[in-house]
Amino acid sequence: MKVKHYLLGAVTLLFSATANAQDTVAVDSNFYIFLAFGQSNMEGQGTVSKADRNVSEKFQVLNTTASNGGLYTWRTAVPPLAHSQASLGPVDYFGRLLIDSIAPHNPDIRIGVVDVAIAGCSIELFDTAGNKDVTYAKKQQSWMTSRIDAYGGRPYLRLLDAAREAQKYGVIKGILLHQGETNTGDQKWPTNVKTIYDRLIEQLNLNAEEVPLLVGEVVRSEMGGVCGSHNAVIAKVPSVIPNSYVISSENLQMSTADGQNVHFTADAYRIFGKRYAKQMLKCLGYTINGLPAVSIDTTITVCDSYNWKAVNQKFTKSQSVSKTLVTLADGDSIVNLNLIVNKSSTTKLDAVTAETSYTWPVDGKTYTESQTLTYEGLTVAGCDSIITCELTIGGTAVNESAVNEKVAIYPNPAADVVNINIPTCSAGLAKITIYTSAGIEVFTSNSVVELETIDISTWNGGVYMVQVVDAEGNTWSGKFVKSFK
């Protein structure tokens with residue numbers, strides 16, 4: 001006699017991998033299944049936080065590779081979902097918002113996802129017609145083929161088989177897609193997507209009117225995305241597939257961690273997943289119960305000004321700015337921006353007159369002709385620094401020897417402080433400027449006391465050049481060594 005198992009008990013019993021092969025399982029109409037496929041952004045490239053691992057047992061994922069507990073076994077949807085090398089992606093918060101929003105209407109609801117995604121792949125990898133997927137896979141680099149092999153060498157067939165396995169337990173309610181970076185600008189892409197979608201509908205015996213396709217935009221150009229132009233192609237999908245919807249990536253931050261300019265940040269994935277869920281809830285006829293706001297703390301350091309494209313505003317001063325970037329339905333994304341604006345420096349040193357030659361302490365070079373001396377470097381903050389000085393050769397020479405008798409630098413070498421002794425008659429009028437050996441200005445004072453004590457404890461070790469101009473216009477240059485610690 002066969003034993004019939006009903007899906008009313010604990011989730012751990014429901015998804016037991018030890019069930020007898022002869023047992024049958026009742027399909028639970030409250031168990032909503034969603035298929036997800038695509039490339040790296042569907043895999044997820046975001047760093048997984050401790051909070052991301054706190055997942056309700058009502059949110060399940062069916063393993064589509066042999067990792068994470070074994071092929072075709074159910075587990076709580078703790079990231080990563082697609083495979084063991086993936087990270088946080090949009091599917092993670094898609095499932096969370098669905099449960100949070102549907103629970104008030106139906107506390108028995110559970111969400112299951114089937115996720116198949118391969119970084120860098122073309123849409124061809126999911127097209128089995130004429131073995132296009134096999135031909136495409138053979139041409140790829142080993143790192144990609146190893147991920148393809150994890151799905152049995154044919155990701156579409158693994159998605160199909162996993163979906164059939166999932167149908168033994170629940171009802172497929174929708175399909176999620178995020179792919180296109182590799183096919184940027186390909187005008188046939190919407191038609192290729194339709195081919196795959198139609199094949200899934202047919203082979204899984206689904207009704208296209210009841211199973212919407214949600215397609216996410218890639219990182220937008222205004223956010224720095226190099227494939228942003230493909231969003232114009234993605235926008236055409238609804239005209240090809242009637243029950244399909246484009247999920248906006250507006251204002252979603254791009255990750256700069258890997259330098260590829262195609263991936264979203266972890267916070268952006270969280271918001272993106274909720275946008276997918278928001279649209280799916282509309283398709284399912286449910287209202288939205290938003291998740292708590294996501295607070296994003298960002299520090300940006302720039303030179304002179306910063307154009308924050310997300311709010312279309314230019315900032316020229318250091319300040320802290322908070323801005324809500326998305327709608328409440330997404331779960332507010334509040335960006336707390338700590339902006340540090342460092343200024344470029346243009347320094348015009350006092351004119352210098354010498355009889356036959358002059359050694360400029362800024363660049364250490366000796367000049368024998370009258371000219372405008374110019375040095376282009378960087379400030380200690382990394383911004384442009386331009387130093388100029390009008391040099392006249394052949395005029396009345398500066399009496400540097402007299403100044404040398406009046407100005408002293410000590411201790412030398414120095415570790416924490418350096419003292420510059422200025423004559424009493426010049427105190428309050430003399431100007432001191434200190435440069436690194438690379439010509440970067442690190443200190444200046446236009447009004448000094450007789451004994452100027454300068455804190456150099458945080459300066460890098462090395463040689464520093466000092467220029468003093470006294471009240472009578474006499475100049476003096478010297479050097480000191482900052483000890484290495």
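Note on residues 44-56: pairs passing salt bridge (charged side-chain N to carboxylate O under 4.0 Å, His left out), not counting sequence neighbours, are Asp52-Arg270.
Between His178 and Phe272, the distance from one ring center to the other falls under 6.0 angstrom. If you look at Tyr93 and Tyr269, their ring centroids are not closer than 6.0 Å. In this structure, Tyr306 has its ring center at least 6.0 angstrom away from the ring center of Phe315.
Judged by the 6.0 Å distance and 45° axis criteria, Arg110 is positioned over the aromatic ring of Phe31.
In this structure, a donor-acceptor pair under 3.5 Å is absent between the side chains of Arg220 and Asn231. A donor-acceptor contact closer than 3.5 angstrom links the side chains of Asp304 and Ser344. Between Asn30 and Asn106, the side chains place a donor N or O and an acceptor N or O closer than 3.5 Å (distance only, hydrogens not considered). A donor-acceptor pair shorter than 3.5 Å can be found between the side chains of Tyr156 and Gln203.
To the nearest 0.5 angstrom, Ile456 atom CD1 is 5.5 Å from Lys482 atom NZ. Interatomic distance, CZ of Arg96 versus CD1 of Ile111, reported as 13.5 Å (0.5 Å rounding). The CG atom of Leu204 sits 12.0 Å away from atom CZ of Arg199, with the distance rounded to the nearest 0.5 Å.
In this structure a side-chain-to-backbone donor-acceptor pair under 3.5 Å is present from Ser249 to Val218. When atom types are taken as modelled, the side chain of Glu210 and the backbone of Leu206 share no donor-acceptor pair closer than 3.5 angstrom.
Checking Glu124, His230, Gln39 one by one against Thr182, the side chain to side chain donor-acceptor pair (under 3.5 Å) holds for a single residue, Gln39.
Under the rule for a salt bridge (charged side-chain N to carboxylate O under 4.0 Å, His left out), Glu181 has no partner lying at least two apart in sequence or in another chain.
Heavy atoms only, all atoms of each residue included: Trp143 and Ser146 are closest at O-OG, 2.7 Å.
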